[in-house]
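Below: the structure, in structure tokens.
Note that the structure is a prediction, hence the values are computed from the model and not measured.
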Amino acid sequence: MYLVRPADFADLPALERLAQQAGIGITNFPANRERLNDKIASSRRSLQTDVVQPGDESYLFVLVDTSKDQIVGCCGIDAMVGVDTPFYSYRIDEVVHASPQLQIHNRIPALFLCHDYSGTSRLIALVVDKAHQNNVAMSLLSRARLLFIARYPERFTKRLFAELRGESDKKGYSAFWDALGKHFFTMDFKKADYLSGVSNKNFIAELMPRYPIYVPTLPEAAQEAIGVIHENSDQSAEILLNEGFEFRGYVDIFDAGPSIEARTESLHTITQQKMDKALSLTDTAKGPMHLISAGHLEHFRVTAAPAEPQVAGLALEKATQERLGISSGHRIQWVAL
């Protein structure tokens with residue numbers, strides 16, 4: 001079975017292993033020990049801080065295979081991006097070129113550099129060991145973040161977005177980057193992606209072109225990559241799209257992977273989750289699988305287990321209560337898997 005909990009410093013070696021497995025293109029989870037340690041420290045600090053409104057807090061969670069007490073995944077939330085430096089994206093829009101004399105009216109797609117997502121909460125770094133990329137583990141890890149947001153709405157903005165990994169190969173070649181970014185940064189995609197994850201992002205503002213990029217002027221391979229999801233991210237993308245996230249014309253400035261967004265009050269997990277009492281079962285649960293959370297902030301825990309909704313609360317197996325560190329009568333949060 002699986003359990004999601006906040007990351008701690010003892011998890012650093014496992015997080016390093018996951019970051020190395022993840023490969024190129026997941027900018028917010030670099031394979032850099034110092035940066036990963038900073039992410040854990042920031043998460044612990046955020047969980048121990050009283051928050052009235054969102055700021056530069058960030059939260060990092062790990063997925064534990066409880067049968068082996070092994071960390072097999074991680075994910076996170078940034079309470080607000082663009083606090084210190086603008087958060088850049090490309091907005092896909094159209095430029096009109098018309099000549100009444102020639103009776104020509106053309107609408108040409110173009111990429112506009114913007115920071116429209118600055119000041120918005122972001123889901124980050126969903127990485128799962130290949131051996132555990134099953135529906136239960138992936139859904140539990142991804143949706144655990146939404147249960148946390150539902151529990152602590154004051155810590156996040158009403159608008160939420162996630163960047164989906166764009167197309168690149170195992171060697172780090174990105175057709176989009178090769179056609180555009182490489183000419184301004186004078187480095188390959190792999191190095192730019194790594195620098196973006198471990199250093200101050202001021203270099204992006206200093207080097208990116210300020211004028212609209214006309215899409216038809218790009219090579220065909222680069223055009224076809226715009227808004228395309230990396231094949232390794234299809235499963236995580238499907239979970240979020242089923243939650244209610246939508247693509248609204250924004251792509252990453254490095255690999256042109258799509259950004260998807262939603263209002264928190266429209267997301268399935270947040271609208272359907274309930275607060276209830278945990279009830280003990282004398283027999284094995286025969287009910288459907290549920291996501292069940294308990295614990296406050298740094299003691300927040302989420303698991304997936306069969307449970308039986310009842311009038312007085314949610315009936316759980318003893319093993320499920322033990323994983324969450326609760327007993328009968330404790331307040332829990334739950335939603336159907």
Self-check item: Electrostatic pair Glu243:Arg143 at N-O distance under 4.0 angstrom
Solution: yes
Quiz prompt | Separation between CG of Leu47 and NE2 of His296, rounded to the nearest 0.5 Å | solution = 9.5 Å
Quiz prompt | Side-chain (Thr320) to main-chain (Leu316) donor-acceptor, under 3.5 angstrom | solution = no
Exercise. Any pair with a residue in residues 304-337 that passes ring pair (Phe, Tyr, Trp, His ring centres under 6.0 Å), sequence neighbours left out, goes on the list, sorted by first then second residue, please.
Key: His290-Trp334
Quiz item: Crowded around Gln235 CD? As in, over 12 foreign heavy atoms under 6.0 Å?
Solution: yes
Quiz item: Is Glu265 salt-bridged to Lys158, going by a charged N under 4.0 Å from an acidic O?
Solution: no
Self-check item: Side-chain ion pair, Asp276 and Lys274, N-O less than 4.0 Å
Solution: no
Exercise. Give the ring-plane orientation class for Phe254 versus Trp177, where under 30° counts as parallel, over 60° as perpendicular and anything between as tilted.
Key: perpendicular
Practice problem: Please state whether the rings of Tyr59 and Phe148 are parallel, tilted or perpendicular, taking 30° and 60° as the class boundaries. | Solution: tilted
Quiz item: If you measure only the distance, is there a donor-acceptor pair under 3.5 Å linking the side chains of Ser58 and Ser42?
Solution: yes
Quiz item: Could you give the distance from CZ (Arg107) to CD (Glu94), rounded to the nearest 0.5 Å?
Solution: 4.5 Å
Quiz item: Any salt bridge between Arg44 and Glu298, counting N to O under 4.0 Å?
Solution: no
Practice problem: Taking only Lys NZ, Arg NE, NH1 and NH2, and the carboxylate oxygens of Asp or Glu, determine whether Arg5 and Asp11 approach each other closer than 4.0 Å. | Solution: yes
Self-check item: Distance, nearest 0.5 Å, that separates CZ of Phe184 from CE of Met208
Solution: 7.5 Å
Quiz prompt | Residues clustering with Val95 (ILVMFWY side chains joined when closer than 4.5 Å, directly or via others) | solution = Ile108, Phe112, Tyr214
Quiz prompt | NZ/NE/NH1/NH2 to OD/OE distance under 4.0 Å, Arg17 and Asp129 | solution = yes
Quiz item: Is the closest side-chain donor-acceptor distance between Arg151 and Ser293 under 3.5 Å?
Solution: yes
Self-check item: Residues Tyr250 and Asp116: side-chain donor-acceptor under 3.5 angstrom
Solution: yes
Quiz item: Is it true that the side chains of Ser327 and Gln321 contain a donor and an acceptor less than 3.5 Å apart?
Solution: no
Quiz item: Do Gln223 side-chain atoms and Leu218 backbone N/O form a donor-acceptor pair below 3.5 Å?
Solution: yes
Quiz item: Does a donor on one side chain and an acceptor on the other come within less than 3.5 Å for Thr120 and Thr157?
Solution: no
Quiz item: Where is the tightest heavy-atom contact between Leu18 and Cys74, given as atom of each residue plus distance?
Solution: CD1-N, 4.2 Å
